[in-house]
Visitor: 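Can you keep this structure in mind? I'll have questions shortly.
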Amino acid sequence: MKELLLIPGPTPVSEDVLKALSQNAISHTDDRFVEVFIKALNKMKPLFGTRERRIFIIAGSGTLGMEMALTNILEENENLLVVSHGYFGDRFVEIGETLGLNVDVLKSKAGMHIDSSSLTDYLTKKKYKAVTFTHVDTSTGVMTNMEEMSKIIKEVSPDTLIVLDGVCATGGVPEKMDEWGIDVLFTGSQKAIAVPPGLTMLAFSARAISTRKEMKKMRTYYGDILRWIPVMENPHKYFATPAVNMIFALEKSLDDILEQGLDKYYEKHRMLASLTRTAMKKFGFKNLAAADIAAPTLSVFIYPPGIDDAGFRSLLKEKGVTVAEAIGELKGKCFRMGHMGSVTEEDILHALKHISQVIREKYI
Ligand code: PMP
């Protein structure tokens with residue numbers, strides 16, 4: 001039986017990436033590894049839409065990226081505005097509060113995008129050192145209109161640093177860090193970049209790095225970008241052992257993506273999203289987010305009446321297709337399906353065939 005993992009991360013890993021991952025470990029200062037590390041750093045740049053930002057590749061999951069983004073630019077009692085489109089936006093609130101920041105939250109209703117005038121209101125009433133956004137919130141499938149949001153910040157509060165969580169977006173949707181003026185952008189290895197979980201990749205602007213340099217008290221040792229800059233400039237240097245094999249895998253996957261062309265890769269994501277939603281609509285499932293704000297990387301489908309979440313997903317799993325439960329307030333009402341990374345049109349057609357079988361066998 002073909003097993004198909006269609007959760008919104010981790011996503012399936014291709015054979016050649018698995019091969020890169022499974023070679024014997026070599027020294028983290030070996031010239032062969034250093035060369036691959038430098039290539040991986042450079043190959044992240046087009047995905048982040050940057051020429052000039054400094055790139056970091058660090059062992060740890062996306063949550064480490066979130067935490068590093070905040071610990072390197074904010075000190076205790078400084079003001080942070082979190083724009084939240086769901087569960088992962090809310091995680092910034094928890095991290096911010098753990099760090100003793102003054103956190104305000106601008107939160108949308110589930111499946112909706114925040115109203116741009118409310119962002120202007122928040123920024124006018126109070127001065128924020130930083131604002132966080134989640135490019136694609138994996139709980140709701142809402143994609144932030146970053147071009148519009150960053151334009152507002154540049155107009156209303158240009159000194160405010162902009163942090164963007166690209167964990168469920170980078171590689172699957174265009175990100176234009178330089179053009180949009182994003183200060184910190186980070187992602188994880190296990191979603192649209194199609195590498196197993198274990199790496200976070202980040203980019204910091206010159207402005208964000210100077211902010212870090214001016215900070216008096218640092219509250220992370222491993223996550224301090226100033227300790228990592230010498231390594232990212234010259235990976236022969238040691239601070240903490242990099243995840244050698246994971247970086248081999250990352251470099252291979254980035255190479256595959258760039259070789260097929262980033263625009264083509266984005267187009268594949270749009271096509272898979274549209275194919276999935278069109279077919280699911282015929283089965284009676286509605287995508288939670290409206291078409292103009294729905295992410296191409298995953299869908300969050302609302303169950304039609306009569307279909308129970310646990311039963312539906314477990315029958316589908318028996319047929320080899322794994323989708324994810326919804327989280328937060330949507331739990332039990334929706335399920336989540338990833339269509340990103342190395343997933344192909346054939347995979348989606350295979351999943352749709354089995355979804356149709358489950359509906360026929362159990363629900364009609
Ligand atoms: N942000 C987003 C948008 C995510 O989807 C996730 C993980 N699903 C995270 C952050 C946290 O990443 P991780 O689970 O790799 O720590």
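Every number for a ligand or one of its atoms is a count from 1 in the order of the listing. One-based numbering along the sequence shown. Note that the coordinates shown come from a computational prediction; the quantities given were computed from them, not determined experimentally.
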Visitor: Under a 3.5 Å threshold, yes or no: a donor from one side chain and an acceptor from the other, between His85 and Thr144?
Guide: yes

Visitor: Sorted by first residue and then second, give each salt bridge (Lys or Arg N to Asp or Glu O under 4.0 Å) pair with at least one member in residues 249-261; sequence neighbours left out.
Guide: Asp16-Lys252, Lys43-Glu251, Lys43-Asp255, Lys252-Asp256

Visitor: Hey, what do you get for NZ (Lys362) to CD1 (Ile359), rounding to the nearest 0.5 Å?
Guide: 12.0 Å

Visitor: Please write out which residues are connected to Ile38 in a hydrophobic cluster, directly or through intermediates, given that two of Ile, Leu, Val, Met, Phe, Trp, Tyr count as joined at side-chain heavy-atom separations below 4.5 angstrom.
Guide: Val34

Visitor: Do Phe37 and Phe248 make the cut of ring centroids closer than 6.0 angstrom?
Guide: no

Visitor: Students should find this: residues with any non-hydrogen atom under 4.0 Å from ligand 1. What is the answer?
Guide: Ser61, Gly62, Thr63, Met66, Phe88, Arg91, Thr134, Val136, Thr138, Asp165, Val167, Gln190, Lys191

Visitor: Got a sec, which hydrophobics cluster with Ile302, joining ILVMFWY side chains under 4.5 Å apart, including via others?
Guide: Val136, Met143, Val173, Leu288, Leu298, Val300, Leu330

